[in-house]
Amino acid sequence: MRQLLRRLLVVDRKPLVRAIAVATAAGSAVFYSNLDPNHSRHTFTISIPSIAGVALAIPSATANFPTSPSFSALTDHDPHFFRVAPDTVPDTNVGAEGEGSRCTSRCLDRDSIADAAAKVGPAVVNISVPHVYYGLGAGMRMGSGTIIDPDGTILTCAHIVNFQGTRASSKWKVEVTLQDGRTFEGTVMNVDLHSDIALVKITSKLPLPTAKLGSSRILRPGDWVIAMGCPLSLQNTITAGIVSCVDRKSSDLGLSGMRREYLQTDCAINAGNSGGPLVNIDGEVIGVNIFKVAAADGLGFSVPIDSVSKIIHHFKKSGRVVRPWLGLKMIDLNEMIIAQLKERDPTFPNVVKGILVPMVTPGSPADQAGFHPGDVVIEFEGKPVASITEVIDIMDDKVGIPLKVVVKRAKDVVVKLTVIPDEANPSM
């Protein structure tokens, strides 16, 4: 390393703006350079992590660099080279308990994925469901799940445990295998075919490992995530990737029926991953892996855990998911869409936010309430709304209950409506 630094310090040719990342067998170093356009020399700083507990310090220096590509990396097989987090440095901000702050939850280092997987891994299970046709065994269907409660409640997906189209009210059996090798007979408690979410229950005299549920609302495209499960019956499999999209619409995927939203990731997901958890770097479940695009790589989809939590709430409250239906097609408005609509039609209402209604289903509750195509919903049950998600949250499970809605129409005509939702078709 010293010989390399000496060579870097004695060169004497035309200066360039460059950054050289150097990894050595002892660790890693990063070189930063800033060019002063009025001088033939420029300053640089080299940062080298501690080696074997010995802190290294290299003072700032000046040098001229030869012409070469703007980025050059010298690597060996040291795993530290791929570390994303800043190297650990002494922290002068000591907390009340005497421990310094090293890295935030959004920081990724060499152990982040392994640590997150270790938190959730023991709670990830393999689910086996026998294929039976006309009373004859025809193999097993395999999937994954996650224990989310010490009472033995397992979160999984419906198409694994409901392959025969059994009614959601039925209680049928599956085989559950834990990571530690224990096996249990599980009972399917609840199934929601629309969201593809199901709950299975096992009973154990010994404590069961559980996984913590996080929040999918704070996810951003580019966040690191981990897919866990039993693809192709290979238990305890972990793959990693990033969030590609946080609100992929079911219509984008050509899926019919009611509106759904998915997390899209590039984690490797295969047959058997269905029902397994999608995990963030903090070791929290933020989604349930559902399916992938068969004709492409890196296109996997998961149900966001915030949506799953609402489904579980419905399961506990009424044993099934109750979804109100208005009969409206709705589009979230933003500043650019509003500007474009006003450019096309000067009579478009003056709004800064709201939800556009481009279509009303004939004979639907919304049609009977007096909704018109072109209406902009600005208030729902006395609350200003700007997104379809807000309307869904306000409606919750209110079926047969009058709801007050305020819409704006062309030329800023304000109309107050009352709509009574029906229950959506459970088979949709």
Side-chain angles (χ1 to χ4, degrees), residues 105-106 116 119-120 123-124 143-149 153-160 190-199 210-229 239-255 257-267 269 273-293 298-316 321-323 330 332 386-397 424 428:
S105 62
R106 306 195 72 85
K119 291 180 181 179
V120 180
V124 178
S144 305
T146 311
I147 305 175
I148 59 172
D149 193 290
T153 299
I154 297 172
L155 176 62
T156 185
C157 63
H159 73 261
I160 291 298
N190 307 97
V191 171
D192 182 57
L193 298 178
H194 172 71
S195 64
D196 202 6
I197 293 298
L199 293 181
T210 61
K212 180 182 177 181
L213 302 185
S215 174
S216 53
R217 191 178 298 273
I218 61 175
L219 285 175
R220 301 178 302 167
D223 280 347
W224 283 93
V225 286
I226 308 162
M228 305 180 68
T239 61
I242 62 169
V243 175
S244 306
C245 179
V246 296
D247 56 355
R248 180 63 65 204
K249 308 294 188 297
S250 55
S251 57
D252 296 341
L253 303 171
L255 301 177
M258 296 176 61
R259 169 192 171 97
R260 285 151 290 178
E261 290 187 354
Y262 300 100
L263 300 175
Q264 179 183 329
T265 79
D266 68 349
C267 293
I269 296 176
N273 270 118
S274 292
L278 188 71
V279 180
N280 63 17
I281 293 300
D282 294 322
E284 300 169 334
V285 178
I286 45 87
V288 178
N289 300 320
I290 296 295
F291 63 90
K292 60 170 286 187
V293 176
L299 290 177
F301 300 90
S302 307
V303 180
I305 201 64
D306 289 348
S307 299
V308 174
S309 296
K310 295 176 184 177
I311 293 169
I312 294 174
H313 171 73
H314 280 280
F315 284 159
K316 292 179 178 179
V321 180
V322 178
R323 292 185 175 87
M330 297 187 285
D332 294 346
S387 69
I388 302 170
T389 302
E390 292 175 344
V391 171
I392 294 174
D393 289 344
I394 293 171
M395 287 196 298
D396 192 27
D397 59 354
M428 291 181 64

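Numbering of residues begins at 1 and proceeds along the displayed sequence. All figures in this text were calculated on a predicted structure; none of them were measured in a lab.
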Checklist entry - Please walk me through it: do Ile148 and Ile312 pass side-chain contact (heavy atoms from CB on, under 4.5 Å)? => result CA-CA 11 Å; Ile148 59 172; Ile312 294 174; 3.8 Å; yes

Checklist entry - Going through the checks in order, is the side-chain contact (heavy atoms from CB on, under 4.5 Å) test met by Val120 and Glu284? => result CA-CA 7 Å; Val120 180; Glu284 300 169 334; over 6 Å; no

Item to check | Reported NZ-to-CZ distance for the pair Lys292 and Phe301, which is rounded to 0.5 angstrom | outcome: 11.0 Å

Checklist entry - Could you walk me through whether Tyr262 and Asp247 pass the side-chain contact (heavy atoms from CB on, under 4.5 Å) check? => result CA-CA 6 Å; Tyr262 300 100; Asp247 56 355; over 6 Å; no

Checklist entry - Of the non-hydrogen atoms in Val191 and Ala158, which two are nearest, and what is the gap between them? => result CG1-CB, 3.6 Å

Next on the checklist: I need the Cys245 SG to Arg220 CZ distance, nearest 0.5 Å.
Outcome noted: 14.5 Å

Checklist entry - Once you round to the nearest 0.5 Å, how far does CD1 of Ile286 lie from OG of Ser302? => result 7.0 Å

Checklist outcome for this item: When Val303, Leu278, Asp223 are each screened for side chain to side chain contact (heavy atoms under 4.5 Å, CB included) with Leu263, the one that passes is Leu278

Next on the checklist: Side chains of Trp224 and Val279, heavy atoms from C-beta outward: is any pair under 4.5 Å?
Outcome noted: no

Item to check | Presence of salt bridge, Lys212 and Asp282, under 4.0 angstrom | outcome: no

Checklist entry - Are side-chain heavy atoms of His194 and Arg260 found at a separation under 4.5 Å? => result yes

Next on the checklist: Checking side-chain polar atoms at under 3.5 Å, does Ser195 have a donor or acceptor matched by the opposite partner on Asp192?
Outcome noted: yes

Checklist entry - Given side chains that start at C-beta, do those of Asp266 and Ile242 come closer than 4.5 Å, heavy atoms only? => result yes

Checklist entry - Would you say the side chain of Ile154 lies within less than 4.5 Å of the side chain of Leu199, judging by non-hydrogen atoms? => result no

Checklist entry - What distance separates Leu213 CG from Thr146 OG1, expressed to the nearest 0.5 Å? => result 8.5 Å

Checklist entry - Do Glu261 and Lys249 meet the salt-bridge criterion of a basic N to acidic O distance under 4.0 Å? => result yes

Checklist entry - Heavy atoms, side chains only, cut-off 4.5 Å: are Val225 and Cys267 in contact? => result yes

Checklist entry - Are Lys316 and Asn190 close enough that some pair of their side-chain heavy atoms sits under 4.5 Å apart? => result no

Checklist entry - Between the main-chain N or O of Arg217 and the side-chain N or O of Ser215, is there a donor-acceptor pair closer than 3.5 Å? => result yes

Checklist entry - After noting the C-alpha distance and the side-chain angles of Val243 and Val246, does the key distance pass the side-chain contact (heavy atoms from CB on, under 4.5 Å) rule? => result CA-CA 7 Å; Val243 175; Val246 296; 3.7 Å; yes

Checklist entry - Under the 3.5 angstrom rule, does the side chain of Asn289 hit a backbone N or O of Gly275 as a donor-acceptor pair? => result no

Checklist entry - Are Thr210 and Asp149 side-chain neighbours, meaning at least one heavy-atom pair lies under 4.5 Å? => result no

Checklist entry - How far apart are the closest heavy atoms of Thr156 and Ser144, and which atoms are they? => result OG1-O, 2.7 Å

Next on the checklist: To the closest 0.5 Å, what do you measure between CG (Asn280) and OG (Ser216)?
Outcome noted: 10.5 Å

Item to check | Minimum heavy-atom distance Gly143-Ile160, with the two atoms named | outcome: CA-CD1, 3.9 Å

Next on the checklist: If you define the side chain from C-beta out and look only at heavy atoms, does anything of Thr153 sit under 4.5 Å from Leu155?
Outcome noted: no

Checklist outcome for this item: In this structure, CG of Leu299 is separated from CD1 of Ile269 (nearest 0.5 Å) by 10.0 Å

